[in-house]
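Remarks on the structure that follows.
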Amino acid sequence: MSQIEFYDTRSREQRPFEPLTPGKVGIYSCGPTVYAEQHVGNVRSRLFSDLLKRFLISEGFDVTHVINITDVGHLVSDADDGEDKMEAAAKRAGQTAGEIAAHYTELWRQDAAAVNCLPPEHNPKATDHIEEQIELAKTLEAGGYLYSISDGLYFDTSRFPRYAELAGLDLEGQSEGMRIGITAGKRNPSDFAVWKFAEEGVQRLQEWDSPWGVGFPGWHLECSAMSSRYLGERFDIHTGGIDLATVHHTNEVAQSECGFGVHPWVSYWMHNEFLSMGGDEKMSKSKGNVKTLTDLIDRGIDPLAFRYFFLQAHYRQQQAFSDEAIASAAKGFKRLQKIAAELEAVEGDGSADEQGPYRARFREALADDLNAPRAMAVVWDVARSDSLADVDRRDLMRAFDPVLGLQLGCASTAVSDEWESDPRIDGLLAERNNAREAKDWATADRVRDELAAEGIEIVDSPEGPRWRRK
RNA sequence: GGCGGCGUAGCCAAGUGGUAAGGCACGGGCCUGCAAAGCCCUGAUCCCCGGUUCAAAUCCGGGCGCCGCCUCCA
């Protein structure tokens, strides 16, 4: 049995996975900033952390998964100088930041549920952990890592020698280049706000008292504070989108390692690559491109088909998203589901010897840095095998599904809901059938064409004709 | 300017030294009154050039193209 290996961004290599505590794994995943609806790219990140969790559970680990909800402090733009995303969204909608956060948090949870993600053990909100964040800032201040300028309390990144380590940054090269617009008073371009002061005379929707006056926490602080609260001052795996590595995660490391006095703070950094929209096809509603999971659902695509789509590519590879790609995934998923559902009807006991090689190949693919596409190839081998007994195929599908999360073999999602009935259409169908029996092909085909024009597909079968909407 | 990644059949994609997984589409076949649905079969020498090697999609060098990050971003 080969060992589990994961690619770690910090060490830039794939390494055997060894948890800090045998049998247990702590995972912290950077969650959504709840100021807007999440798009399919966000869903990919969510699916990635879920696949990781499901695989580790299948390996027998006791997994604690934490996903944070960012509901304050995430600025719109400009290093540490822009508007708070939550404040901006609230203003636009004429609601409180809390209402905005609650609304989009709920949508995010619905998306996750729709693609069958296991709920996290903890789902903390930044605004519920202001105390912990202030405590951490106090510790950092006592350690001499912070300095205060007009608009906030900043972390002096020159005090942390390993600052550039996680993302392999070349700080000098960066500052010589494109980087412009340094906040006045910052000692180093890479310094970041730990606590922001409320502007004089400006009433924010979200602000709190602190030893440094009224204000709000910097974006990065919440992840350091909340991860330690739920997973301890060191933990096993931290996940997020690849874009977060350079700034957000780099700053988290600085705060945590300096504040907690640990190294390495996180054993494995795992980052998922982006979904690409292909060439000049920017993702935007005005162009009619699909953008959110809801858009997909509105087009009649099963949200689980998006999960299937996700599983077709490796998480560290950019994946091209297009109408054609998601449509082909939906078709493949439907076929697979149908095969699995039919296998559920098989009775009897399988053979461990027969199943062994397939289970091993499946597991090894995932143990190799979560190579889902390779695992899916094994699934299809089983689905289309004519050398395996049906009982064994059934058992294998049942064994694979808890890791894949595709709800294979779940009849209700597969075929049982497929056929519809409606008095008018059923009547037309009967009319066509009568014409067929009379060999009046012209009439029969006319009825079929009429229904097709309504988007209705007739499927003839030994039990008689049935229909469904395309 | 710096950092990172990618370029494999029409599309989505595995594969990092021994001679190209899987899915979708197309085409062909079975079925059908004809179709549809379903089932079966079928396709690539891996962006270009040069090098290393008995052997390279896989290693090295040089190009070309594309993408991400460095400012919020999954």
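No experiment lies behind these values; they were computed from the predicted model shown.
A/Phe306 places its CZ atom 14 Å from the P atom of B/A74, with the value rounded to the nearest Å. When the P atom of B/C67 is taken as reference, atom CD of A/Gln319 falls 18 Å away, rounded to whole Å. Rounded to an integer number of Å, the gap from A/His314 NE2 to B/C6 P is 11 Å. Counting to the nearest Å, the C1' atom of B/A36 and the CZ atom of A/Arg466 are 13 Å from each other. In this structure, A/His271 atom NE2 and B/C69 atom P are separated by 14 Å, rounded to whole Å. Following rounding to the nearest Å, A/Ile27 (CD1) and B/A74 (P) show an atom-to-atom distance of 20 Å. To the nearest angstrom, C1' of B/A36 lies 11 Å from CZ of A/Arg436. Summarising the geometry, the separation between CG on A/Leu166 and P on B/C69 is reported as 16 Å, rounded to the nearest angstrom.
Taking only side-chain atoms of A/Asn272, from C-beta outward, the nucleotide of B/G4, B/A37, B/A74 with the closest atom is B/A74. For A/Arg12, whose side chain is taken as the heavy atoms from C-beta onward, the closest listed nucleotide among B/G4, B/C34, B/A14 is B/G4. Of the candidate nucleotides B/G5, B/A37, B/A74, B/G5 has the atom lying nearest to any side-chain atom of A/Gln317.
Under the Watson-Crick or G-U wobble criterion, with both distances below 3.5 Å, B/A9 is left unpaired in every strand shown. Applying the Watson-Crick and G-U wobble criteria (two distances, each under 3.5 Å), B/C3 pairs with B/G68. The partner of B/G50 is B/C60, by the rule that a Watson-Crick or G-U pair needs both atom distances under 3.5 Å. Pair assignment for B/U32 gives none, since no Watson-Crick or G-U wobble pairing has each distance under 3.5 Å.
Taking the C1' atoms as reference points, B/G1 lies 22 Å from B/G62, given to the whole Å. The same atom, P, is picked in B/G61 and in B/G5; the two are 13 Å apart, to the nearest Å. Comparing B/C70 with B/G22, their C1' atoms are spaced 37 Å from each other, to the whole Å. Taking atom C1' on both nucleotides, B/A57 is separated from B/A21 by 14 Å, rounded to a whole Å. Atom P of B/C6 sits at a distance of 13 Å from the matching atom of B/C47, rounded to the whole Å. If you take atom C1' in B/U42 and the same atom in B/G7, they sit 27 Å apart, rounded to whole Å.
Here the side chain of A/Arg44 pairs a donor or acceptor atom with the backbone of A/Phe274 at under 3.5 angstrom.
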- request: Output, in order, the C-alpha distance, side-chain angles, deciding distance and verdict of salt bridge (Lys or Arg N to Asp or Glu O under 4.0 Å) for A/Asp191 and A/Lys186.
  value: CA-CA 7 Å; A/Asp191 291 355; A/Lys186 276 168 67 168; over 6 Å; no
Under 4.0 Å protein heavy-atom contacts per nucleotide of nucleotides 18-28 of chain B, with B for base, S for backbone only and - for none: ---BBBSS---
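Residue A/Asp445 is in base contact, counting any heavy-atom pair closer than 4.0 Å across all strands shown. Backbone-only engagement by A/Leu244 is indicated by non-hydrogen atom pairs under 4.0 Å involving sugar-phosphate atoms exclusively. As judged by a 4.0 angstrom heavy-atom cut-off over every strand, A/Gln38 is placed among residues making no nucleic acid contact.
A salt bridge links A/Arg398 to A/Glu344: one of the charged nitrogens lies within less than 4.0 Å of a carboxylate oxygen.
With A/Arg432 as the fixed residue, the salt bridge (Lys or Arg N to Asp or Glu O under 4.0 Å) test singles out one of A/Asp440, A/Asp426, A/Asp460, A/Asp445: A/Asp460. If you run side chain to side chain contact (heavy atoms under 4.5 Å, CB included) between A/Phe235 and each of A/Tyr230, A/Trp265, A/Tyr268, only A/Trp265 comes through.
Residue side chain A/Arg448 reaches the base of B/A35 through a donor-acceptor N/O pair under 3.5 Å, judged by distance alone.
A stacking contact links A/Phe274 to B/A74: the aromatic ring centre lies within less than 5.5 Å of the base's six-membered ring centre, and the planes differ by less than 30°.
When each of A/Asp368 and A/Lys439 is assigned the nucleotide of RNA chain B with its nearest heavy atom, A/Asp368 is the one assigned upstream, toward the 5' end. Of the two residues contacting RNA chain B, namely A/Ala313 and A/Ile339, the nearest-nucleotide position lying further toward the 5' end is that of A/Ala313.
Between A/His271 and A/Trp269, the two ring planes are parallel [angle under 30°; tilted spans 30° to 60°]. Aromatic ring pairs are classed by plane angle as parallel below 30°, tilted from 30° to 60° and perpendicular above 60°; the pair A/Phe400 and A/Phe362 is parallel. The aromatic rings of A/Phe192 and A/His220 lie perpendicular to each other, with more than 60° between the two planes, well past the 30° mark.
In this structure, A/Tyr154 has its ring center at least 6.0 angstrom away from the ring center of A/Trp195.
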